[in-house]
Amino acid sequence: MKRTYRFKRVTKPKKSIQPDDSIHTSEKSITIGARPKSQSQPQPGILSISNPTLSFNELKILPPDLFQMDALDLVLKILPPDFFQIDALDLAPCLLGKLLRRDDVILRITEVEAYRPNDSACHGRFGRTPRTAPVFGPGGHAYVYLCYGLHTMLNVVADKEEVGAAVLVRSCEPVCGLETIQQRRGQITEKPVLLTGPGKVCQALGISTEWSNHRLYTPGGLELLDGPEPEKILVGPRVGIQYALPDDVNAPWRFAIAGSPWISAPKKTLTLPSSEI
DNA sequence: GAAAAGATTAAA
DNA sequence: TTAATCTTTTCC
């Protein structure tokens, strides 16, 4: 398994980190900006990272070069298998804010839907079939399928083996690798239209159905990483399941980060839970 | 073996 | 609003 470190910013960066700033990495720190070798302490205007935690905002302003380096392993943490082995209804909101990484692309999950056992909208409702077998595997695997013969959908398998539950990733916000995302999407834009919709997320990650059953908790390929927790969460009924039983159609099992523009249509059906109003 | 439908998207 | 597109499941 990949080693994980916790990092902390020990000096304030300049107003913004420039892409051509030099980067120094070592076992215990990442330093960005010109820093004379003779000086043991970071100078003002230099970002130096050493134990513990790099914040999400800091992550976003790091220069692209850093993300092609092994140093990235020092600041991003892969979530362990245990994280996924819970009810899909509990896992779904927990996935908001988490990061999906494949090669130089990192996406922050902004919208999800839970699919569960005894749920007439869940692909597991027909039992274990060649396509849905991963859904019945242990939590933490990917379940990827083709929808309408055109679009691939990425699910995170939830709960214990044999349960048959998963969480659909419906929308994301770009964190790293914008150019690669735009290239794969065939659309040069930074607006939400780039990543709001489950088919778009898969396209941006370059994921096909061959990725179904891939382990998200092992380094390499497609990974699910820890990320900043959202402040408030919106809930609402799931999208595009009119064929299901009324109780399941109405179940509020769709979740999204409140205030985020990176949410797919329809948005009006999402609200703060009654307990927070 | 045939037919219907689908956890969608982009364009008109 | 609709076409595009194809795998899975179900029905005969």
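Every chain is numbered from 1, with letters handed out A, B, ... down the list of sequences. On a predicted model such as this, the values are computed, not experimentally measured, just so you know.
Listed nucleotides dA7(B), dT10(C), dT9(B) differ in distance to F126(A); the shortest reach to its side chain belongs to dT10(C). Listed candidates were dT9(C), dA10(B), dT8(B). Nearest to the side chain of Q187(A) is dA10(B). For P130(A), whose side chain is taken as the heavy atoms from C-beta onward, the closest listed nucleotide among dA10(B), dA7(B), dT9(C) is dT9(C). The side chain of H123(A) approaches dA7(B) more closely than any other nucleotide in the set dA10(B), dA7(B), dC6(C).
Counting only distance, with no hydrogens or angles, the side chain of D119(A) and the backbone of A121(A) share a donor-acceptor pair below 3.5 Å.
The salt bridge (Lys or Arg N to Asp or Glu O under 4.0 Å) test with E111(A) is passed by exactly one of K200(A), R238(A), R254(A): R254(A).
No engagement by T209(A) is indicated, since no non-hydrogen atom pair under 4.0 Å with the nucleic acid exists. Residue Y148(A) is in base contact, counting any heavy-atom pair closer than 4.0 Å across all strands shown. The residue R238(A) sits apart from the nucleic acid: no heavy atom pair falls under 4.0 Å. At the heavy-atom level, L150(A) lies under 4.0 Å from base atoms of the strands shown.
The ring of Y243(A) does not lie on top of the base of dG6(B); it is either too far (5.5 Å or more) or too tilted (30° or more).
A side-chain donor from one of R170(A) and S264(A) sits under 3.5 Å from a side-chain acceptor of the other.
Rounded to whole Å, the distance from OH on Y145(A) to P on dA7(B) is 5 Å. Atom pair Q203(A):CD and dA10(B):P shows a separation of 7 Å (rounding to whole Å applied).
Y145(A) has its ring centre less than 6.0 Å from the ring centre of H123(A).
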